[in-house]
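Proteins get letters first, then strands, A, B, ... in listed order; numbering begins at 1 in each.
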2 protein chains.
Amino acid sequence: MAQAETVGPVENAVGYVLKEAAVALRNAMDLELRPLQLTVSQYACLELLGQRPGMSNAELARGAFVTRQSMNVVLQGLEERGLVTRPSVAARGRELPAELTPAGRDHLRAASTAVRGVERRMCAGLSPDRQQELLDTLAACVRNLDPR
Amino acid sequence: MAQAETVGPVENAVGYVLKEAAVALRNAMDLELRPLQLTVSQYACLELLGQRPGMSNAELARGAFVTRQSMNVVLQGLEERGLVTRPSVAARGRELPAELTPAGRDHLRAASTAVRGVERRMCAGLSPDRQQELLDTLAACVRNLDPR
DNA sequence: TGCGCCATGTCAGTATTCTGACATAGCCTC
DNA sequence: GAGGCTATGTCAGAATACTGACATGGCGCA
């Protein structure tokens, strides 16, 4: 729309569009998860536990890109609702391996379907090759930023 | 690494990697902007104003993907530090067009350089064509999610 | 064995952002 | 001109995530 000025409009900056896409995805997910009474963070926690039961709080935090403290709040909420269980005492070290309850698995199944629908909608019109390249390119960006 | 289970590991989901990249970028930007005493939101506000002076609070909020209330807090902080000015009364309607002060322009120049360095690092090893395709693909994702 | 080092869980406080609500100004239609 | 509609700025409150700090458990090395 507008002509490039000194350095170019923000709309053409990779970082800007990346942020825009992430926000759009989050909003769309939030909308779909609201009927299930789940926040995006809570869903992320359930999904991670569904794919790898027994993850500790710290592992879940790293997997969901939040701090241990934040993830602990999420876990407490899920525990109170009976979707997740954690042993009260650590069997080894200090880690408390979390697991889904049957109710948690049910919730996850519905949430996972909803989220997968959002992803499908987001990638509509993109060929499998193009989707794979998006995945690879984003992974390369992460690697490039990771070291420092 | 791990074998695909029922639906595949999260690491292969577009949404997951998108979030990962957005977080990595935000952290990297935060690290570069910290010496300048700027948060990412504050930088976004300055950058938008630098490219289009006179934007209102609501316009800036949309441009930075936050609410009007959040952007207002950001603007107040920048105003107190003398980086941004706003008229005390609206000349037309209720909009208060914001503009950079000379000090704001100086800050923006330094911040912009730093952020551009981060983007360059993020896209290191990606051909111009690949960068453009990333931009286009992300824009397509945004469009696909936007309607609803 | 003893020590330093790192990771984990947790407590407390802070910061940032959001949702909800309200009054007001411009615009459009009747 | 009157009324509805939308957009804007703003106030208040809640939710969420963060930083800082601490004690504890496992691990490696002298």
key: Atom pair distance, as rounded to whole Å: CG in A:Leu75 and C1' in D:dA17   = 15 Å
message = Looking at B:Gly15, is its backbone amide N or carbonyl O close enough to the side chain of A:Glu119 to form a donor-acceptor pair, meaning the two atoms are under 3.5 Å apart?
response = yes
Out of C:dG9, D:dC18, D:dG9, whichever nucleotide has its closest atom nearest the side chain of A:Leu96 = C:dG9
message = Using whole Å, what does the distance between atom C1' of nucleotide C:dT17 and atom CG of A:Asp30 come to?
response = 13 Å
ask   = Any idea which of D:dT10, D:dT16, D:dG26 is nearest the A:Arg92 side chain?
value = D:dG26
message = Expressed as a whole number of angstroms, how long is the span from B:Glu95:CD to C:dG26:C1'?
response = 10 Å
task = Taking all heavy atoms of A:Tyr16 and all of A:Val10, pick out the closest pair and write down the distance.
result = CB-O, 3.2 Å
key: Rounded distance in Å - CG (A:Leu31) to P (C:dT19)   = 11 Å
request  = Would you kindly check whether a donor in the side chain of A:Gln69 faces an acceptor in the base of C:dG13, or vice versa, at under 3.5 angstrom?
outcome  = no
ask   = When you measure from the side chain of B:Val74, which nucleotide among C:dT8, C:dG26, C:dT17 comes out closest?
value = C:dT17
Phosphate contact (D:dT8 OP1 or OP2) by B:Arg62 side-chain N/O below 4.0 Å = yes
task = Check the distance between D:dA17's C1' and A:Asn72's CG and give it to me in whole angstrom.
result = 13 Å
inquiry  = Whether B:Arg86 and B:Glu99 form a salt bridge (side-chain N of Lys/Arg under 4.0 Å from carboxylate O of Asp/Glu) is what I want to check.
reply    = no
key: Separation of atom CD in B:Glu59 from atom P in D:dG9, rounded to whole Å   = 8 Å
request  = Among A:Leu100, A:Leu83, A:Leu46, A:Leu49, find the residue that satisfies the side-chain contact (heavy atoms from CB on, under 4.5 Å) test when tested with A:Arg105.
outcome  = A:Leu100
task = Give the rounded distance in Å between these two atoms: CZ of B:Arg94 and C1' of D:dC11.
result = 12 Å
query = Under 4.0 Å between a side-chain N or O of A:Thr67 and OP1 or OP2 of D:dA17?
reply = no
message = What is the distance, to the nearest angstrom, from the CD atom on A:Gln37 to the P atom on D:dA15?
response = 13 Å
inquiry  = Taking the nucleotide of DNA chain D with the nearest heavy atom to each, does A:Met71 or B:Arg86 sit closer to the 5' end?
reply    = B:Arg86
inquiry  = Below the 4.0 Å mark, does D:dA17 have OP1 or OP2 next to a side-chain nitrogen or oxygen of A:Ser41?
reply    = yes
First encountered from the 5' end of DNA chain C, between A:Arg34 and A:Gln76 = A:Gln76
task = Examine the side chains of A:Ser112 and A:Arg116 and answer whether a donor and an acceptor come within less than 3.5 Å of each other.
result = yes
inquiry  = So, under a plain 3.5 Å distance rule, would you say the side chain of B:Arg68 forms a donor-acceptor pair with the base of D:dA7?
reply    = no
message = Is there a side-chain contact between B:Ser70 and the phosphate of C:dC18, meaning an N or O under 4.0 Å from OP1 or OP2?
response = yes
